[in-house]
Amino acid sequence: MEDISFYDQVYQVVRLIPEGRVSSYGTIASYLGTKGSARMVGYAMNAADTAHPTVPAHRVVNRIGLLTGKFHFNAEDLMKELLENEGIKVENDQVKDFKKLFWDPAIELQL
DNA sequence: GAGGTGACTGCGA
DNA sequence: CTCGCAGCCACCT
């Protein structure tokens with residue numbers, strides 16, 4: 001558990017995000033204990049495509065549900081399509097009903 | 001070994 | 001209300 005890199009920890013949490021749900025960098029960072037360092041989570045996502053299996057990075061957005069990392073995908077619209085493909089409504093690079101679709105590991109996994 | 005970077009966040013003006 | 005600044009820490013050059 002301690003041998004894995006910080007990136008892998010992020011990947012595991014992101015992979016736990018249910019389909020049709022989204023989470024934020026700061027929330028994941030806080031869950032990993034690196035709260036305050038949401039940048040690290042986002043930075044880890046930069047190498048998400050190098051992770052195996054693939055990481056649903058499209059389910060991770062900033063705290064307001066904005067698709068800040070869409071430009072890091074192969075195509076800018078790819079992130080939006082992936083989200084909509086899971087039933088998540090996206091408008092103007094922002095997740096609709098983000099507050100309802102929000103997935104917090106500290107709450108959802110506490111059961 | 002040191003410096004720079006960044007898919008963020010929160011607070012102040 | 002909007003805009004700007006500083007903190008945060010792992011990875012890359």
Side-chain angles (χ1 to χ4, degrees):
Chain A
M1 297 294 185
E2 297 81 30
D3 289 37
I4 62 178
S5 301
F6 175 78
Y7 279 25
D8 292 320
Q9 294 184 54
V10 176
Y11 300 151
Q12 288 186 39
V13 175
V14 174
R15 281 194 282 252
L16 291 176
I17 300 175
E19 186 176 297
R21 293 294 186 89
V22 292
S23 188
S24 69
Y25 303 96
T27 303
I28 295 170
S30 180
Y31 181 72
L32 293 176
T34 60
K35 51 185 166 189
S37 301
R39 290 185 171 189
M40 302 301 90
V41 179
Y43 204 86
M45 299 277 81
N46 188 20
D49 65 309
T50 65
H52 299 281
T54 315
V55 179
H58 58 275
R59 293 181 191 154
V60 184
V61 295
N62 69 350
R63 67 178 183 89
I64 64 173
L66 194 65
L67 308 186
T68 53
K70 72 171 192 169
F71 291 106
H72 288 258
F73 282 76
N74 294 294
E76 293 123 45
D77 293 336
L78 180 60
M79 188 173 185
K80 179 180 176 182
E81 289 185 25
L82 288 169
L83 290 170
E84 291 184 333
N85 188 35
E86 297 183 357
I88 299 174
K89 302 295 193 302
V90 179
E91 186 171 304
N92 194 19
D93 300 335
Q94 188 173 344
V95 178
K96 304 283 288 184
D97 300 322
F98 173 71
K99 192 174 182 180
K100 295 197 310 181
L101 298 174
F102 184 72
W103 183 84
D104 188 339
I107 298 175
E108 303 292 336
L109 300 178
Q110 76 177 247
L111 302 180

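Atoms considered below: every heavy atom in the structure, side chains included; atoms not considered: hydrogens, waters and symmetry mates. Numbered from 1 within each chain, the chains take letters A, B, ... in sequence-line order.
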Measuring from the side chain of A:H72 (C-beta onward, heavy atoms only), which nucleotide among B:dA7, B:dT9, C:dC9 has the closest atom? B:dA7
Quick one: A:D8 CG to C:dA10 C1', roughly how many Å, whole number? 13 Å
From CG of A:N46 over to C1' of C:dC11, roughly how many Å is that when rounded to an integer? 10 Å
Against the side chain of A:R63, the closest entry in B:dG10, B:dA7, C:dA10 is B:dG10
Can you tell me the distance, in whole Å, between the CD1 atom of A:I28 and the P atom of C:dC8? 21 Å
Between A:V14 and A:I88, is there a shared hydrophobic cluster once you connect ILVMFWY residues whose side-chain heavy atoms come closer than 4.5 Å? no
From the options C:dC8, C:dA10, B:dA7, select the nucleotide whose nearest atom is closest to the side chain of A:A57. B:dA7
Residue pair A:K89 / A:D97, side-chain heavy-atom distance below 4.5 Å: no
Could you give the CG-to-P distance, from A:N74 to B:dA7, as a whole number of Å? 16 Å
DNA chain C: 5'-proximal contact among A:K35 and A:Y43 (nearest heavy atom): A:K35
Would you mind checking if A:D93 and A:K80 are paired as a salt bridge, meaning a charged N to carboxylate O distance below 4.0 Å? no
Which nucleotide in the set B:dA7, B:dT9, C:dC11 lies at the smallest distance from any side-chain heavy atom of A:Y7? C:dC11
If I take atom CE in residue A:M40 and atom C1' in nucleotide B:dT9, what distance separates them, rounded to the nearest angstrom? 12 Å
Could you tell me how far apart A:Y25 (OH) and C:dG7 (P) are, to the nearest whole angstrom? 23 Å
Any Lys/Arg nitrogen of A:R59 or A:E86 sitting under 4.0 Å from an Asp/Glu carboxylate oxygen of the other? yes
From the options B:dG6, B:dA7, C:dC11, select the nucleotide whose nearest atom is closest to the side chain of A:A48. B:dA7
How close or far is atom C1' of B:dG6 from atom CG of A:N62, stated in whole angstroms? 14 Å
Take atom CG of A:L32 and atom P of C:dC8, then tell me their distance rounded to the nearest Å. 18 Å
Just so I know, are the side chains of A:V60 and A:I17 near enough to count as touching, which here means a heavy-atom distance under 4.5 Å? yes
Taking only the side-chain heavy atoms of A:T68 (C-beta and beyond), determine which of C:dA10, B:dA7, B:dT9 contains the nearest atom. B:dA7
